[in-house]
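A, B, ... follow the sequence lines: proteins, then strands. Residue 1 opens every chain.
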Protein chains: 2
Amino acid sequence: MVNQEAKTPRERYRAQVRTEIKERAWEQIATAGASALSLNAIAKQLGMSGPALYRYYAGRDELITELVRDAYRSLADTLRAASSRPGADVSTLASALRTWALEDPQRYFLIFGTPVPGYHAPDDITAIASEVMATILDAFAELPPNGTATAFDAHLEEHRDWADGHPAPAATLHRALAFWTRLHGALSLELAGHFTGMGFDPARFYAAELDELTGPKGDGM
Amino acid sequence: MVNQEAKTPRERYRAQVRTEIKERAWEQIATAGASALSLNAIAKQLGMSGPALYRYYAGRDELITELVRDAYRSLADTLRAASSRPGADVSTLASALRTWALEDPQRYFLIFGTPVPGYHAPDDITAIASEVMATILDAFAELPPNGTATAFDAHLEEHRDWADGHPAPAATLHRALAFWTRLHGALSLELAGHFTGMGFDPARFYAAELDELTGPKGDGM
DNA sequence: TCGCGTTCGTTAGAAGTTATAACTCGACGG
DNA sequence: CCGTCGAGTTATAACTTCTAACGAACGCGA
C-alpha cells in the first residue's frame with residue numbers, strides 16, 4: 001500500500017524477490033493446494049537452489065502466514081472498494097465476495113478453510129478480519145430494520161465487543177453475522193465441489209440466500 | 001455391511017490390523033490435522049517398521065480415502081439414528097449434526113473442509129453423501145410448508161435430480177438445501193475458530209439459524 | 001577509487017516423508 | 001510333511017524442510 005519506494009537498492013531487490021516468491025507460491029497453491037506448497041520447487045522456479053529462500057522467509061510457516069495476510073488484505077480491499085462504489089448496498093458486497101472467491105478458490109480456503117490445529121493467527125491478521133466485518137456491518141447499518149427481535153438478538157446485545165464500537169442495533173449485528181455465515185456456507189460448499197452433480201445453479205442459490213438476507217419479511221427499499 | 005465374520009484367520013488378522021491403522025490415523029488427524037498424517041509414525045506406533053503398512057493400504061491417498069468414507073458413514077449413521085428417534089424433527093437432526101461435528105472437528109473438515117484440487121470422490125462416497133441429503137429431506141418433508149414460492153424454487157423444480165425421486169415439493173428441497181449450507185456455514189466457522197474472541201455463544205447462534213430455518217414466517221406446530 | 005563489511009547464494013548434510021524392490025521367515029492348507 | 005502365500009524386514013530412491021559453513025559479489029563509506 002504505502003512505502004513502495006525502498007531506500008537502498010538492496011532493500012528494493014530483497015522486496016522484489018520476496019514478492020516473486022509469493023507469486024510462485026500463489027501459483028502452486030492455486031493448482032495443487034496449500035498443503036502441496038514446496039519451498040524447493042519455488043526456489044527452482046526462481047533459478048536458485050533450495051536453502052536460498054531462507055534468506056527471505058524463515059520457513060514454510062512464515063511464508064504461508066504472509067500469504068494468509070495478503071489474502072485477507074485482498075479480501076478487505078475488494079469488499080471496501082465494492083462498498084464505496086456509488087449505489088453500493090449489501091448485494092453489491094455479496095457479489096463482490098463471490099467474485100473474489102471464484103477468482104481463486106484456494107485463496108478463499110486459505111482463509112476460511114480447514115484450520116491447522118496448533119496455529120493461531122497473529123494480531124494484525126485478526127485486525128484485518130475485523131476490518132472486513134466492519135465493512136459488512138456498515139452496509140447493513142444503511143438498511144432499514146426488518147423482522148422482530150429474537151432471543152439471539154438479546155444475547156448479542158450483551159456481547160457486541162466484536163462490533164468494535166459500531167452503533168448499529170443488535171438486530172443489525174445479527175444480520176451481518178448471518179450474512180457472513182450463510183454466504184460462507186453456500187460459497188464454501190460450492191467451491192469445494194459439493195454442489196457438482198446436483199444440477200442446480202450455485203449462483204442462483206447464492207442469490208436466493210442473499211434475497212432472504214436482505215428482506216425476508218418483504219419490506220422494500 | 002455384511003461379511004463381518006471373516007473366513008480365514010489371516011483375513012481376520014488383516015482386517016484387525018487395518019482397523020488398528022485407521023484408529024491411529026484418526027488420533028493423528030484429531031491432534032495434528034489430516035495434512036500431518038504420517039504413515040511412518042502410524043507404523044512405529046503399531047510396532048512395525050515403515051513399508052509394512054503398504055501391505056494394508058496402497059498409500060497415503062488410499063488410507064485417507066478410506067477415512068473419508070468412514071467419516072461419511074459415521075455422519076450418515078448418526079443422522080439416520082437421530083431422525084429415527086421417536087419425536088425426532090429437523091432440530092433433532094441439527095443438534096445431532098453439531099454434536100457430531102464438535103466431537104471431532106478434524107473429522108468434519110475431512111469431509112467438508114478444504115478440497116484437494118485434483119481429487120474426485122469415488123462413487124460410493126457420493127452415494128453416502130446423498131443418503132445424508134435424503135435424511136435431511138425426509139425430515140423437512142414432515143414439516144408443514146411455509147413461505148411463498150421463490151424464483152429459486154422454480155429453478156430447483158427443473159433440477160431436482162439430486163433429490164433422487166423424493167416426492168417433496170421444490171420449496172422443501174430449497175429448505176433442506178438451506179439447512180445444509182447455513183448450518184455448515186455456522187458450524188465450519190465455529191470449528192475453524194473464527195468466532196473465538198467475538199464473545200457470543202456459537203451454540204445460540206446455531207440455534208437462531210435453526211429457528212429461522214424451521215419457521216421464519218412464524219407458523220408453529 | 002578502493003577496501004571492507006553486509007548480504008546473498010552456494011554446497012553439504014541431517015532428519016524427516018512416501019514409496020518400491022528384494023529378501024526372510026512363519027504359518028496355513030493340501 | 002511340505003509347498004506356497006503373505007507378513008514384515010532392510011535397502012534404496014526421490015522427495016521434503018531446514019541448519020551450517022563457505023565463497024563471492026555487491027554497495028556503502030572513506
Side-chain angles (χ1 to χ4, degrees), chain A residues 5-29 31-68 106 110 114 116-119, chain B residues 5-29 31-68 106 110 114 116-119:
Chain A
E5 318 294 314
K7 299 180 289 277
T8 90
R10 272 200 160 138
E11 279 181 17
R12 281 155 143 274
Y13 177 76
R14 182 176 178 80
Q16 208 248 344
V17 173
R18 275 180 74 106
T19 68
E20 257 178 64
I21 292 175
K22 287 199 286 191
E23 283 171 13
R24 304 298 176 166
W26 280 119
E27 293 172 10
Q28 281 196 12
I29 286 180
T31 62
S35 61
L37 194 150
S38 159
L39 294 191
N40 245 322
I42 294 177
K44 274 175 188 165
Q45 282 182 348
L46 294 187
M48 57 192 189
S49 239
L53 283 204
Y54 288 80
R55 296 273 171 206
Y56 300 95
Y57 292 97
R60 225 184 85 110
D61 286 3
E62 191 181 292
L63 174 57
I64 290 187
T65 296
E66 183 90 2
L67 295 175
V68 171
Q106 289 295 325
L110 202 56
T114 307
V116 180
Y119 181 78
Chain B
E5 317 294 314
K7 301 175 286 278
T8 89
R10 272 196 165 147
E11 279 181 18
R12 281 155 142 279
Y13 177 75
R14 182 177 179 79
Q16 208 248 344
V17 173
R18 275 180 74 106
T19 68
E20 257 178 65
I21 292 174
K22 288 199 285 191
E23 282 171 14
R24 304 298 176 166
W26 279 119
E27 292 172 12
Q28 282 196 13
I29 286 180
T31 62
S35 61
L37 193 151
S38 160
L39 293 190
N40 245 320
I42 293 176
K44 275 176 189 164
Q45 283 184 346
L46 294 187
M48 58 191 186
S49 240
L53 283 204
Y54 288 81
R55 293 274 170 203
Y56 299 94
Y57 291 98
R60 226 184 84 109
D61 286 3
E62 192 181 291
L63 174 57
I64 289 186
T65 296
E66 183 91 2
L67 294 175
V68 171
Q106 290 296 325
L110 200 58
T114 308
V116 180
Y119 181 79

Inset, instruction - Assign Leu53(A) to base, sugar-phosphate, or nothing according to its heavy-atom contacts below 4.0 angstrom with the strands shown. - result: nothing
Legend entry - Nearest non-hydrogen partners of Ala34(A) and Ile29(A), listed with the distance: CA-CG1, 3.9 Å
Inset, instruction - Remember a base hit wins even if backbone is also touched, and classify Leu37(B) as base, sugar-phosphate or nothing at under 4.0 Å, heavy atoms. - result: sugar-phosphate
Legend entry - Nearest-angstrom distance from the residue atom NZ of Lys44(B) to C1' of dT17(C): 10 Å
Inset, instruction - Give, for atom CH2 of Trp26(A) and atom CG of Leu67(A), the distance between the pair rounded to the nearest 0.5 Å. - result: 5.0 Å
Legend entry - Where Ala32(B) and Ala36(B) come nearest, the two heavy atoms and their spacing: O-CB, 3.4 Å
Legend entry - Outermost nucleotides of DNA chain D that come under 4.0 Å of a non-hydrogen atom of chain B: dC5(D) to dA11(D)
Inset, instruction - Could you check how far OH of Tyr13(A) sits from C1' of dT6(C), rounded to whole Å? - result: 15 Å
Legend entry - Test log, rule side-chain contact (heavy atoms from CB on, under 4.5 Å), inputs Gln106(B) and Thr114(A): CA-CA 8 Å; Gln106(B) 290 296 325; Thr114(A) 307; 4.0 Å; yes
Legend entry - Along DNA chain D (nearest heavy atom to each residue), the more 5'-positioned of Met48(B) and Gly50(A): Met48(B)
Legend entry - Ile21(B) CD1 to Glu23(B) CD distance, which is reported to the nearest 0.5 Å: 10.5 Å
Inset, instruction - Send over the distance from Arg14(A) CZ to dG9(C) C1', rounded to a whole Å. - result: 13 Å
Legend entry - nucleotides 22-30 of chain C: protein proximity per nucleotide (B base, S sugar-phosphate only, - neither; heavy atom, under 4.0 Å): ----BB---
Legend entry - Distance test, side-chain N/O of Arg60(B) to OP1/OP2 of dT17(C), below 4.0 Å: no
Inset, instruction - With the side chain counted from C-beta on, respond yes when Ile42(B) and Leu63(B) share a heavy-atom pair under 4.5 Å apart, and no when they do not. - result: yes
Legend entry - Nucleotide dG16(C), atom C1' - distance to CD1 of Ile42(B) in whole Å: 15 Å
Inset, instruction - Check every strand shown and say whether Tyr56(A) touches a base, only sugar-phosphate, or nothing at a heavy-atom separation below 4.0 Å. - result: sugar-phosphate
For residues 44-61 of chain A, which side-chain N or O atoms pair as donor and acceptor with protein atoms under 3.5 Å away, sequence neighbours left out?
unit_1, atom_1, unit_2, atom_2, d
Tyr57(A), OH, Arg18(A), O, 3.4
Arg60(A), NH1, Leu37(A), O, 2.5

Legend entry - Gap between atoms CD and C1', on Glu20(A) and dC8(C) respectively (whole Å): 15 Å
